[in-house]
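Quick notes on the structure that follows.
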Amino acid sequence: MHQIKCPWCGIRDEAEFSYRGDATVQRPAPDSGIDAFNDFIYTRANPRGWHVEWWHHVAGCRQHVKVVRHTMTHEIHATGKATDKLEAPSS
Amino acid sequence: MSHRLASGGRIDRAKRLQFQFDGRSFTGHAGDTLASALIANGVRLVGRSFKYHRPRGILTAGAEEPNALVGLRDGARREANMPMPAIELFDGLTAQSQNRWPSLDFDVLSINAKLARFMPAGFYYKTFMWPASFWEKFYEPMIRRAAGLGEASRDPDPDHYDAVHAHCDVLVVGSGAAGLSAARAAGEAGARVILCEQDFELGGGLLLDPRHEAWRADMIAALGAMPEVTIMPRSTVFGYYDHNVLGVIERVADHLPTPPQHVARQRYWTIRAREVVLATGAYERLIAFPENDTPGVMLAGAALSYVRRFAAAPGRRAVLFTNNDEAYDTAFAFLESGIDVAAIVDVRPVSARAETARLRGLNVLSGSVVAGVSGGKSVERVSVTKRNGSAPDIFSVDLLCMSGGHNPAIHLASQSQAKMEWSDAIASFVPGASKQRENSAGAARGSFGIPIAAREGAATGAAAATAAGFGAAVGFTLPDAETSPRTPIEAFWEVKAEGKSFIDFQNDVTGDDIRLAHREGYSHIEHAKRYTTHTMATDQGKSGGLVGAALLAEARGETIPAVGVPTYRPFVTPITYGAIVGHAVGADFNPIRRTALHDWHLRNGATMMEAGLWMRPAFYAQAHEKGDIWAPILREAKAVRQAVGICDVSTLGKIDVQGRDAAMFLDRLYTNTFSTLAVGKARYGLMLREDGIVFDDGTTSRIADDRFFMTTTTGNAARVLEHMEFYAQTIWPELDVQFCTISDQWAGMSIAGPQSRKTIEKIVQGLDLGNEAVPFMGVADATVANCPVRVFRISFSGELAYEIATPAGYAEPVWEAVLAAGKEFGITPYGLEALGLLRIEKGHVAGPELGGHTTARDLGLERMIKKRGDYIGRVLAERPGLADPDRPRLVGLRPVDSSKPARAGGHLIETPGSSQSLGWVTSSNQSVELGGWIALAMLSRAEHWMGKRLYAAFPLRKEMVEVEVTHPHHVDHENVRVRT
């Protein structure tokens, strides 16, 4: 049961959020073609390790929070607003 | 009660309790468990094993019990598979043994034991295959009857369960010497402490030795005096989750005949702790030897508990079989209480405690093993040999206490992701480095003995308080350290001799089964576990799991740490589903959503139905229509087609979209264009998912240059809002657009039918409702009965129609005003059923057509796809598979014999008997316009089949209906009525 620090609401329980997946994928430019959009929808790195991802604070401010979480230990390294640049720790 | 010791124990001899086991009446005392009371009554045979139906007795004194599993209570509160030693005795308790017929003593299926050689581990992978037809007719029903252990009640659970949340600085699990010390140290440092103990008495191992009683009582009094310390007895910590959350079941009322009124039977606690101290103790393990499951064979520590804590003698004359020093405590306790110790069989050649025992007059056979047990339903003889098998000795006894060593209870530490490390000193696994904020103390980390447990607990508790930000503890006295010499354990797992040596009593798994699994290639511990089902029962192998791992390591020629033990997962001991579910049962399973007109519907004869979380009127049956569902539905739909009807559509999703870039945002959300929509007009919008599949539809109106009133389907309201938030916040954050849900803020009603304009003209103020003034798809604000309203000229039914939206608080007066105005035209309230009938007649797509796999082209909506400009789903909608012209497309169906329905879900085939599906029926209903049945369907090569005949087949109901393929719009194909 994670605790996630929403940049707007403070530290909240995982139950208030909805998980929305990898936050590093970019929507391709409109003329990029089917393969690029296919990757955007379906292809994911699914790493064993640090993951930059979206958590949607549906039971709170309803903002998407960017979270850096380790997929094995569930340690949360950092959280931020949707437009923040967050990176996984080097280790 | 000749097995009740005359003195000693912690039972209250003044409080006698009556109880029943298998229909026989017995007496026990307050402070007894069901197990101790039956032992005191001399009852030995308590169960039959799962597979072989072997007679079984009580093995342990705790919740880890694998044999003595009973059905507790009767009727609706009956609970199966309850371990006797964990059942607190109460007056009037009734329990039944399981897995035997007709009785424990004479069980017909004990014939299985004679067939045992044909039923080793995994025998079912190689049997029940031939002949193939026998599976459904015989094997499966037979296996189903034999499967499972115990019988659950089929009545609803009458008890209620609460869910509680708590935070604390230090959570201490276990109240033995280590746990009490940890809790006191942390509490005296000022931390908020919660101490959880699964037993009804605090003290753990302290309860087994009267010398420690004064210290135990003093510790409990000190804890009780600290206001920031919460003690929770009868509370099992069942799981360790992320970020230091632990789950606990508190058994509030299980020790009472029934819960008091308004009291929860159990509470499900979610506790988040800054720091955790795991003082969970250790489980004793068995030794594998032939017939080690005979009633009267018991773990040594359990026997000690029955004698010291419950003053119940598990036998009169005993042999003790051990590889460690700890088990000698049992022999000494037997001496003190008059139980004869015929021999202590110690596998080790020398041991300090053997010497002590001999000095006290006990017969110790060193370097020896128990080679076998005989007696069948009760231990009668124990055969002992030297380790090399020579010099056999037979002892006539009724009790055999075994101890293969002790396993630290590492389940919670393991669940917290700490790796386990092998300790040669205790021949078991101990917790390694912590991954979460937790530490183990005492037997839970392999430190056996009261004094060292108390020391470790105090240190760990103090450290936990410090880590949580509190000062050092004051200090309190600890039990004196032990000075007598100790000899280490010698790892010993199995006596190699002929016969069935069990390592998992619950699932009847033997040492030979493990070796069979390895021979068959299932050599990984996780594979061997599943092949044999070793440790897969409710005890999760607490008594024999490590023994199985050791035998597998032996078979593989590797060390035990190289083999490992299977992953530990919650729940440490089983919990009841009711506690997990809490109050979300029956009508409270889901929240119930009601519209602002709900009470009006009830007062006016509506039959309500569930539509997702919403309660909506299905129809409004009049007195003469009771019992005939179609009568009100057809009447309501006819009223809409011929006069005027009114329907509560408040459940539709509504979203207020504002901002300079609102129009651009909508252009990107929908397949069609909204930036060209004029203020005061509405437009039907089609929304795709990014993968090109149709997601939702609705009508969106422009209120101002920078403001839109968007609607969605009822079912997708929340999903569409989340979809919009994801794109606006993460993909296009540069857009100046803001939006929020206003679904609950606005009530909506549809007034539909040829007389709808005449009806609302009478009551709408501030708005000219002429055909040119408010054209089809026009929107304007006005007033009705002094209430603000927004009028939309949109139609779902295909008739001339208006939707009136009003702030929810005004719903009833506006609705009543419309009813009054429409009375002269015969205005009729209509519900969800008529609403569905009308839209199917019109050919409007809804849920059954928007099933998550249809495209805009499939639904005949290609004219809604804009040619220029990007929108969500544009690119992937052009994938070859989605753009294939032969894909099923929306058509209408008319059964040739229109009195027969073409049932939704039926497949369209060319001729009866064809197994090639050309498509399927999506929506089916009667038609008030045409009479008889109609349907909508998805059909491949629709153009080719238009006007031709096919069959709608529904084999499950043996239906085959000939249908003609038509256009999907059965009513007013030219859309004349809506533009009147």
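Letters A, B, ... mirror the listed sequences (proteins, then strands); counts begin at 1.
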- Task: May I ask you to check if A:Arg20 and A:Trp55 form a cation-pi contact, with NZ or CZ under 6.0 angstrom from the six-membered ring centre and within 45° of the axis?
- Result: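 Not satisfied by the 6.0 Å and 45° rule.
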Could you tell me which of [options] has the largest number of non-hydrogen atom pairs under 4.5 Å with chain A?
| options | result |
| --- | --- |
| B:Thr730, B:Asn244, B:Asp691 | B:Thr730 |
| B:Glu722, B:Lys435, B:Arg689 | B:Glu722 |
| B:Asp870, B:Val245, B:Ile731 | B:Asp870 |
| B:Arg874, B:Arg879, B:Arg272, B:Glu878 | B:Arg272 |

- Item | Among A:Pro30, A:Ala23, A:Ala82, A:Gly33, residue most engaged with chain B (heavy-atom pairs, under 4.5 Å) |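 That would be A:Pro30.
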- Between A:His74, A:His64, A:His56, A:Lys66, the one whose heavy-atom pairs under 4.5 Å with chain B are most numerous: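 Result: the option with the highest number of such pairs is A:His64.
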Would you please indicate yes or no on a ring centroid separation below 6.0 angstrom for [Y] and [X]?
| X | Y | value |
| --- | --- | --- |
| B:Phe238 | B:Tyr268 | yes |
| B:His723 | B:Phe695 | yes |
| B:His165 | B:Trp269 | no |

- Message: Donor-acceptor pair, distance only, cut-off 3.5 Å: does the side chain of B:Asp169 make one with the backbone of B:Ala191?
- Response: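 No, because the side chain of B:Asp169 does not come within donor-acceptor range (under 3.5 Å) of the backbone of B:Ala191.
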Report which part of [X] has an atom under 4.5 Å of a heavy atom belonging to chain B: side chain, backbone, both, or neither.
| X | value |
| --- | --- |
| A:Ser32 | neither |
| A:Ile34 | both |
| A:Gln26 | neither |
| A:His2 | both |

- To the nearest 0.5 Å, what is the distance between OG1 (A:Thr43) and CG (A:Asp22)?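 Answer for the OG1-CG pair, A:Thr43 versus A:Asp22, is 11.0 Å.
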- Message: Can you tell me which residue among B:Tyr727, B:Phe739, B:Phe674, B:Phe708 is in a ring pair (Phe, Tyr, Trp, His ring centres under 6.0 Å) with B:Phe665?
- Response: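 One option only clears the test, and that one is B:Phe739.
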